[in-house]
Structures are given as C-alpha cells and as structure tokens.
Number of protein chains: 2
Amino acid sequence: MDKQTRLIETSIRLFHEKGFHGTPTSLIAKEAGVANGTLFQYFRSKENLILQAYTSIKEEMGRYVETTQTGAGTIMGHMKSVLSSSITWALDHPLKFDFIQQFHTSPYLQKVEQETIEKYKRPHMDMIQEAIDQKVFKPLPKELIYTLISSHTFGMYQYLRANEVASHERNEVIETGLDLLIKMIS
Amino acid sequence: MDKQTRLIETSIRLFHEKGFHGTPTSLIAKEAGVANGTLFQYFRSKENLILQAYTSIKEEMGRYVETTQTGAGTIMGHMKSVLSSSITWALDHPLKFDFIQQFHTSPYLQKVEQETIEKYKRPHMDMIQEAIDQKVFKPLPKELIYTLISSHTFGMYQYLRANEVASHERNEVIETGLDLLIKMIS
DNA sequence: TATCTTTATGACTGATTAGTCAATCAATCA
DNA sequence: TGATTGATTGACTAATCAGTCATAAAGATA
C-alpha cells in the first residue's frame, strides 16, 4: 500500500473510533507509519483528508457493486442485484460504511461538491426512473422512492451488523428484506 | 428558560452547525449568555453536556409522542399514530432530530448507559411484539422489524425535510408512507 | 561518482481549548 | 443592616493541535 492509501485507511479507522475532531493528524501519521509533515504532502489539510477518505470509499464501493453485476435481464433483477451487492460490501467493510454514515450526518457533507454527490446518486435514480417508466414501481415521487430504498437498505445492514447472523442465513435475510422492499414499492 | 436549558439548546444548534468537537465550550457559553465557567457548574464536562443534550431530546420527543396518543383501538392504529407523531415532531424540530442522528453515528453513543437506550426502545419493541402475537405482523425477527420501521420512518423524515412539501401534502405523504410500511410487514 | 530532483522528516509555532479558581455578586434571612 | 450562602464571573493554565519549514534522505540521471 502506498503512503496516501495507508493514510486514508488509517484515518478511516481512527475517525470511526474517535470521531473526526477527536483524531489528531499526528496520530494518523504515526499509525500510518509516516512522519507528521508527510501527511500534509499528500493532503492539503485535515479537511481535505476527510473529504478524500469519503470519496475514496464511495468510489471503492461503486466499483465493487459494478463488477458484481452480471447483466440481469429485468430492471427488477438488476435493482435487487445492486442492492444485494451494496449490503454485502457494507457488511464486509463495516468500518468504511460506518464512516460514510458518520460523514453524512456531519457538517463536512456540505463541503462535498454538489456535482460529486450527483455522480454517486445518478445510477440509482436512473434505475428508479426506468422502473417507474415500465410501471414496475408505483408512480410515487422519484426522490421519495430513492430515499425509502436507501433507508431500507441501510436498515437491513444495521440489523445484520448488530445481530450475529450465520453467513448462509445472512443471504436469506438479504433476500427476504429485499423482497419486502420490492413488494412495497411495486 | 433557565441557564441549563439555554446551554443545552444553544449547544444543540452549534453542534449541528459545527460538529461536536468543532464547537468550543466557550462559544456555547457566550451564545447562551453566560460566563465560561458557568457552563461547568451545570455540566461536569463537555462530554457530559453532549450526553445530556442527547437524553433531553429523546425525553422531549418521547413526551410529545405520548401526549398525542388518544388511545387508538387497534394495535395498528396505535402504531401508525406513534410513527406519525414521531415524524411530525422531527419535522418541527429538525435541528434536534438531526442532532440525534449525528449522535447515533458518533463514538459518544457508546457512552450512553445500555439501560437508557433500552428505556427508549422498549415501548416500540412491546408494540411490535404485540403486533406479532396478534398475527398482524409477519413472523420476522423482532429486531429486524424494529430496524426496518425505524429506517423507513427516518427515510420519510429525510424526504420531507429535503423536499419542500406543502403542509397539507405533508400529512398525505406521511399517510402514504406509513401505509406502504404497514403493508410491507403485515 | 557527482549533481539534481523528489520525497520524507520531525522539531517547532501560533492558535485554540477544556477546565480551574479566586474574586465578585445576588439573594435570603436573622 | 450585616452575615451567610450559593450562584456567577472571566482571567488564567496546561495541554493539545493543525500546519510549516529547514534539513536530510532517497532516487534518478548522466
């Protein structure tokens, strides 16, 4: 791992443990095994490091979800596959996923370019639009559907994270949970 | 408003704007109109202030939801009424509700007594248990239902907060959203 | 090897912060 | 009125932190 990646990974872990402002840059540098000043060669400021940690996680997750898509036939199959991948990734990277939540409820969210947020959101919105067009989804406001899907998915993640569930049962819960969701908005 | 309340209300606003660690106690005191040292007469430490802000919001919300219950006949009516009240309260106190979310994703959550968390959760769990017993809800794990209901409710709040919706339409969205939820787990 | 360029270092600084405490003020009551 | 009590004040301190910079190490080039 190069220094930049190491700094990001370390900071994610520490931010999770101690919060953004509770984590000194000096500690991040130390635990990443670089000198204090080196951190500021890779990141203009602490805020910049936090923002880059956020985008790096979003991109990593996005890449994973993309690579697990095998081109399901129906829009519904596609949607289930995407959401299932997302939950799986989140459960395999709980620290990173929790970081995202922490970030989303922090004042740093407002520092992210609107364009960047848009970029991460668009694929989902397009899917929803298509499902509405095909009359697969109820004709509810697109934004409402998006929010409900996100919340529901997050809820399933939270349940699986908080309650020890055997690996094979895990897939069953995901399957069941997604079917409930689909049924709800279809 | 007495000083203690003023300090809590002020801190909630500032924590929302600048985050927990981004808000100095000196600023909280200043904006609450008291001296620096006075804050530490009411709160042992900054952490203690944050924890008290959290519990005070939870109690305030709990009291509101309780007073709006008119003793609906069915368990389903009761549940809808509780959730509807919760969303209404949240929309009327967005700062406080956002504070709760911020707190929930922060490391401070772990400092709250397990007993306290249990106290806030129990009424909801009891309702869910009753609904399962009456075979009104699907026989899914109680914890899963709880998490899905919470997430869904939070999703509706988020949608209504992010999108300008006229007051009368608001109730319609809440009604529709709750019906979707109920249908899903019934 | 000698020279140049890039990367890394960590001591240092100026600014900020949580929490303290001696002094002041306000309220109550004999 | 004068004494007692408790609340309030804000200057102060010891500690911490983000970010800098002069120096050194490592790497590239010829």
Side-chain angles (χ1 to χ4, degrees), chain A residues 1-57 95 99 102-103 105-113, chain B residues 1-57 95 99 102-103 105-113:
Chain A
M1 259 202 288
D2 65 8
K3 293 202 171 78
Q4 183 163 0
T5 312
R6 235 159 58 216
L7 282 164
I8 288 183
E9 300 276 326
T10 305
S11 72
I12 289 167
R13 177 170 56 79
L14 290 171
F15 289 150
H16 179 258
E17 285 167 22
K18 304 147 105 42
F20 294 130
H21 293 265
T23 307
T25 52
S26 55
L27 184 64
I28 297 169
K30 194 171 146 194
E31 302 236 334
V34 302
N36 217 317
T38 305
L39 187 148
F40 291 93
Q41 290 226 322
Y42 290 95
F43 306 96
R44 192 178 323 113
S45 64
K46 187 180 178 181
E47 178 176 304
N48 186 254
L49 165 61
I50 293 171
L51 294 177
Q52 282 205 49
Y54 174 71
T55 49
S56 91
I57 294 175
L95 241 67
F99 174 96
Q102 194 178 343
F103 186 91
T105 60
S106 82
Y108 288 108
L109 178 60
Q110 311 212 314
K111 307 267 180 158
V112 180
E113 309 268 348
Chain B
M1 257 200 292
D2 64 9
K3 293 202 170 77
Q4 181 163 1
T5 312
R6 236 159 58 216
L7 283 164
I8 288 183
E9 299 277 324
T10 306
S11 71
I12 289 168
R13 177 171 56 78
L14 290 171
F15 289 150
H16 179 258
E17 283 167 23
K18 305 147 106 42
F20 294 131
H21 293 265
T23 307
T25 52
S26 56
L27 184 64
I28 297 169
K30 196 172 146 194
E31 303 235 336
V34 302
N36 217 318
T38 306
L39 188 149
F40 291 94
Q41 290 227 320
Y42 290 97
F43 307 96
R44 191 179 323 112
S45 64
K46 186 179 178 182
E47 177 176 305
N48 185 253
L49 165 61
I50 294 171
L51 294 177
Q52 281 205 48
Y54 173 70
T55 49
S56 91
I57 295 175
L95 241 67
F99 174 96
Q102 194 179 344
F103 186 91
T105 61
S106 82
Y108 288 108
L109 178 60
Q110 311 212 315
K111 306 266 182 160
V112 180
E113 309 268 349

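So you know, we letter chains A, B, ... as the sequences are listed, proteins then strands, and number each from 1. Keep in mind that the numbers below use all heavy atoms, side chains included, and drop hydrogens, waters and symmetry copies.
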* To do: Using a strict cut-off of less than 4.0 Å between a Lys/Arg side-chain nitrogen and an Asp/Glu carboxylate oxygen, indicate whether Arg13(B) and Glu9(B) qualify as a salt bridge.
  => no
* Spacing between Leu39(A) atom CG and dA18(D) atom P, to the nearest angstrom -> 9 Å
* To do: Using atom NE2 of His21(A) as one end and atom P of dA18(C) as the other, report the distance to the nearest whole Å.
  => 12 Å
* Partner nucleotide, any strand, of dG14(C) [Watson-Crick/G-U, under 3.5 Å] -> dC17(D)
* Asked: Between dA18(C), dT9(C), dT9(D), which nucleotide has the shortest distance from any of its atoms to the side chain of Thr38(A)?
  -> dT9(C)
* Asked: Under 30°, 30 to 60°, or over 60°: which ring-plane class applies to Phe15(A) and Phe20(A), parallel, tilted or perpendicular?
  -> perpendicular
* To do: Would you tell me if any nitrogen or oxygen in the side chain of Thr25(A) comes within less than 4.0 Å of OP1 or OP2 on dC17(D)?
  => no
* Quickly work out the Lys30(B) NZ to dA11(D) C1' distance and round it to whole Å. => 16 Å
* Step by step, would you call Asn48(B) with Ser45(B) a side chain to side chain donor-acceptor pair (under 3.5 Å)? -> CA-CA 5 Å; Asn48(B) 185 253; Ser45(B) 64; 5.6 Å; no
* Interface with DNA chain D, restricted to residues 40-53 of chain B and to heavy atoms under 4.0 Å -> Gln41(B), Tyr42(B)
* Structure fact -> Side-chain contact check for Asn36(B): nearest option of dC17(D), dA8(C), dG10(D) is dG10(D)
* By a strict heavy-atom criterion of less than 4.0 Å, which residues belonging to residues 3-15 of chain B are in contact with DNA chain C? -> none
